[in-house]
Participant: 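Sharing a structure below in structure tokens format, with a few things to ask.
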Amino acid sequence: IILLSLVCADAAYNLSFKHGFVPSHKSDHDSNTKETNESPSANDKKVMHKAADLFRRVPTLSALFVEVLFCQCLSSLLSFLFMVKAKEAIQDDKLRAGWTGNCYAWTNAVSGILQFFVLPIVLKHIDPTRLFLFMPSVMVTFTMLQHVHGGSSLFLAGA
């Protein structure tokens, strides 16, 4: 697995060099050799100001930022609801661990198929902006279904 990871990393660097992007191994902190007299809070304000300017200049980036926050909140909520449902339905810890392990294995398999096979085909026909706006609505739909059907199955909670 490590060898495969090494080969993939090498291919990624070669691809980035080919398209003019040269990733640096040095951090910004290491490249700044002169000391600044500014306090850490002043540097934080500079970073926040730069981030705000970036979000104003690139509205798509702002929308993606909000989408990521939204998806993380919904994901946490759905994960919590799933674990509550699993604990209610399967009292034995060992059985519950086995069942949730299988559920996560299937979830990861479906996710991998969607990510590496279905999504590239879909992106050829649909604008990525529209697709990324649609993704949180799927999570909202499952959250609402979970709320409406309080006694729903573990399958719905896991979906």
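In this text, all values refer to a predicted model and were calculated from it rather than measured experimentally.
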Participant: Please answer: with hydrophobic residues joined when any side-chain heavy atoms are less than 4.5 Å apart, are V66 and V68 in the same cluster?
Facilitator: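 V66 and V68: separate clusters.
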Participant: List for me each residue that meets ring-ring contact (aromatic ring centres under 6.0 Å, His included) alongside F55, sequence neighbours excluded, and say none if there are none.
Facilitator: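 Partners of F55 by the ring-ring contact (aromatic ring centres under 6.0 Å, His included) criterion, ordered by chain and then number, come out as F65.
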Participant: Can you name the closest pair of heavy atoms from L119 and Q115 and give their distance?
Facilitator: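 In terms of heavy atoms, the two residues are closest at CB-O, 3.9 Å.
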Participant: When rounded to the nearest 0.5 angstrom, what is the spacing between CG in L114 and CD1 in I121?
Facilitator: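 Result: 11.0 Å between the selected atoms.
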Participant: State yes or no: do L77 and L69 share one hydrophobic cluster built from I, L, V, M, F, W and Y residues joined by side-chain heavy-atom distances below 4.5 Å, directly or via other members?
Facilitator: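 No, it is not one cluster - the side chains of L77 and L69 are not joined through contacts under 4.5 Å.
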Participant: So does T107 get a backbone contact from the side chain of S111, meaning a donor-acceptor N/O pair under 3.5 Å?
Facilitator: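 No: the side chain of S111 does not pair with the backbone of T107.
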Participant: For residues 96-107, which residue pairs qualify under salt bridge (charged side-chain N to carboxylate O under 4.0 Å, His left out), counting only residues two or more places apart or in two chains?
Facilitator: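 Applying salt bridge (charged side-chain N to carboxylate O under 4.0 Å, His left out) to every pair that reaches into residues 96-107, excluding sequence neighbours, yields D93-R96.
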Participant: What pair of heavy atoms forms the shortest contact from E88 to Q91, and how long is it?
Facilitator: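 Heavy atoms of E88 and Q91 come nearest at O-NE2, 3.0 Å.
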Participant: What residues, two or more places apart in sequence or in another chain, satisfy ring-ring contact (aromatic ring centres under 6.0 Å, His included) together with F70?
Facilitator: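 Residues passing ring-ring contact (aromatic ring centres under 6.0 Å, His included) with F70: none at all.
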Participant: What's the separation between atom CD1 in I113 and atom CG in N108, rounded to the nearest 0.5 Å?
Facilitator: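 Atom-to-atom, I113:CD1 and N108:CG are 11.0 Å apart.
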Participant: Hey, could you give me the CG/CZ distance between L54 and R57, rounded to the nearest 0.5 Å?
Facilitator: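 If I round to the nearest 0.5 Å, the distance is 5.0 Å.
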Participant: Do Y104 and W106 share a hydrophobic cluster (ILVMFWY, side-chain heavy atoms under 4.5 Å, transitive)?
Facilitator: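 Cluster IDs for Y104 and W106 differ.
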